[in-house]
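A quick write-up on the structure given underneath.
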There are 2 protein chains.
Amino acid sequence: MGRPAALSRELIVDAAANLVAEHGAEAMTARRLGEALGCDPSALYRHYANMDDLQREVGDRFLAAVHVAPRRGESWVAAVRRICVELRAVQLHQPRLAVLVRAAPTRLANELRITEALLRELRRGGFDPAQVAAAYHSLIELTVGAAAIDATMAAEPAAARRRAYREWRAHYGTLDPAEFPNAVAVAGHLYEGSADDRFVFALDALLLGIRVTAQNGAPSVP
Amino acid sequence: MGRPAALSRELIVDAAANLVAEHGAEAMTARRLGEALGCDPSALYRHYANMDDLQREVGDRFLAAVHVAPRRGESWVAAVRRICVELRAVQLHQPRLAVLVRAAPTRLANELRITEALLRELRRGGFDPAQVAAAYHSLIELTVGAAAIDATMAAEPAAARRRAYREWRAHYGTLDPAEFPNAVAVAGHLYEGSADDRFVFALDALLLGIRVTAQNGAPSVP
DNA sequence: AGTCGTTTGTCAACACCGTTGACAAACCGC
DNA sequence: GCGGTTTGTCAACGGTGTTGACAAACGACT
């Protein structure tokens, strides 16, 4: 009963996803979305409590691109690595949306799918439940967190990115050696390679640390 | 020459920092800042190109709270750990400001100070320059990234936080065991303890992985 | 002393943003 | 046909960053 709905959550989230894919996440405003849908901006509030609600669903829609199916012959470490790398890639493409996804777990379809897959692989690794949970949180914090940091630069073209990295390196190199001896000493290696390389290094180190911790227990730190 | 300046970058950044400390980072708008300074909002643009410029400086000012001086008898691992934990604590208090600090290195005074200290401790650990840079980037991505994720919840009172964690745990536990067997299995351990605990676990694992990697080289992943 | 150029703050305005409350259109069951 | 309910429209509110024209206030030069 009631007036027949011309809009629906699905129609809205579709249009919003298109808008984001074409014009970037900052284009997803109530007014532009209303224009794309041919309706008044305020009509959206009949289907979503507020724009954050909608953004959360759009964000989850983009997570559909992450493939979590296990591959034959793949170790659990390799699977976790692959899932995290893919998750990062998706988040780098939609920096603004990632903000909301990472504030709190949305527990929407695709996020649950990824969570389940990561937990599956970690359990395959032989950890006990508490270790699995701790490892999962570590991986998510690094993966999603690093994506948050890198997203801004990832939006730039590759040439601009390399130029920026080179400038930063150079800047650290020209600091006062009396005040910043260590920065000057390693300046040549800061921001070396791609952000993806740096992430994978961190990810591998974290995975290694998780494995060693599970075997030996947490090492003591004097 | 010219009309004498009533404002200055220092006066502005002082007022902005006070505003943020008292009313939160979202209170740092041009109009409220103008009101606090007794000037027109547009006067700010004589001293800063835009609000992002100003936010970056205010963000760096808050980093002054991070103590990086070496302590006697403290191992390099303990020092790195301590600096990262302090850095995280500061970022958790100013979530909005952290957004800008983490988009790209500001290379302002306090950020440089922290960078120098982390590099100092890592070099004390006996790594070669390339390893120091890689380790530094890993630590920053985890520390600042995790702070970005946790900042939203950290703004809530502790009771609300614990309630949210409990709800999430419960939600994972009530998922369909056929579709999400692993989530159901470890649900009881997800979001266990505090966000700080989870961060320290990840940080220790990462530090351990970095040390092992430097000793043995990167492990192969089948 | 008067004028010029420069710096700096003021004012009004522009173009946005999310969101709300009153209203009208369009359906269902009665 | 008459209510009740749902759904979209419209106008508006209060907020945001930012800009361009203008005026005040100085130092320097004639």
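Sequence lines set the chain letters: A, B, ... in the order given, protein chains first and strands last, and positions in each chain run from 1.
- One can place CG of L37(A) at 14 Å from C1' of dT7(D), the figure rounded to the nearest angstrom.
- Residue T29(A) places its side chain closer to dC17(C) than to any other of dG9(C), dC17(C), dT19(C).
- Taking atom CD of E35(B) as the reference point, atom P of dG15(D) lies 11 Å away to the nearest angstrom.
- Atom CD of Q55(A) is separated from atom C1' of dC17(C) by 12 Å (rounded to the nearest Å).
- With DNA chain D read from its 5' end, the first of the two nearest nucleotides for R31(A) and C39(A) is the one closest to C39(A).
- Panel note: side chain R113(B), backbone L108(B); no donor-acceptor pair is recorded below 3.5 Å.
- Distance, R32(B) CZ to dG17(D) P: 11 Å, rounded to whole Å.
- One finds a salt bridge joining D14(A) and R61(A) here, because a Lys/Arg side-chain nitrogen approaches an Asp/Glu carboxylate oxygen to under 4.0 Å.
- In this structure, Y165(A) and Y191(A) have parallel ring planes: the angle between them is below the 30° cut-off, well short of the 60° mark.
- Proximity note for A30(B) (side chain, C-beta onward) versus dG8(D), dG17(D), dT10(C): the nearest is dG17(D).
- Taking CG of L44(B) as the start and CG of L33(B) as the end, the distance is 5.0 Å to the nearest 0.5 Å.
- Atom P of nucleotide dT7(D) and atom OH of Y48(A) are separated by 14 Å, given to the nearest angstrom.
- Of the residues in residues 9-21 of chain A, not one places a heavy atom less than 4.0 Å from an atom of DNA chain C.
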### Message
Does the protein touch nucleotides 20-30 of chain C at the base, only the backbone, or not at all? Give it as B, S and - per nucleotide, heavy atoms under 4.0 Å.
### Response
B-B--BBBS--

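- Computed from coordinates, the M51(A) CE to dC16(C) P distance equals 16 Å when rounded to whole Å.
- Contacts of A5(A) with the nucleic acid, taken as non-hydrogen atoms under 4.0 Å apart, involve only primed sugar atoms and P, OP1 or OP2.
- Atom-to-atom, NE2 of H47(B) to P of dT7(C) comes out at 13 Å; the value is rounded to the nearest Å.
- Of the inter-residue distances, the one linking L190(A) atom CG with T115(B) atom OG1 reads 8.0 Å to the nearest 0.5 angstrom.
- Here the P atom of nucleotide dT16(D) and the CG atom of L44(B) are 13 Å apart, to the nearest Å.
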Donor-acceptor pairs are to be reported for all side-chain atoms of residues 170-185 of chain A against protein atoms at under 3.5 Å, with residues two or more places apart or in another chain.
{"from": "T174(A)", "atom 1": "OG1", "to": "A170(A)", "atom 2": "O", "distance (Å)": "3.4"}
{"from": "T174(A)", "atom 1": "OG1", "to": "H171(A)", "atom 2": "O", "distance (Å)": "3.0"}
{"from": "D176(A)", "atom 1": "OD1", "to": "A178(A)", "atom 2": "N", "distance (Å)": "3.0"}
{"from": "N182(A)", "atom 1": "OD1", "to": "R123(B)", "atom 2": "NH1", "distance (Å)": "3.0"}
{"from": "N182(A)", "atom 1": "ND2", "to": "E116(B)", "atom 2": "OE2", "distance (Å)": "2.9"}

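- Taking the charged nitrogens against the carboxylate oxygens, R88(A) and D196(A) do have a contact shorter than 4.0 Å, which makes a salt bridge.
- Atom CZ in R46(B) sits 11.5 Å away from atom CG in L7(B) (nearest 0.5 Å).
- Remark: H93(B) NE2 to F62(B) CZ distance equals 10.5 Å, nearest 0.5 Å.
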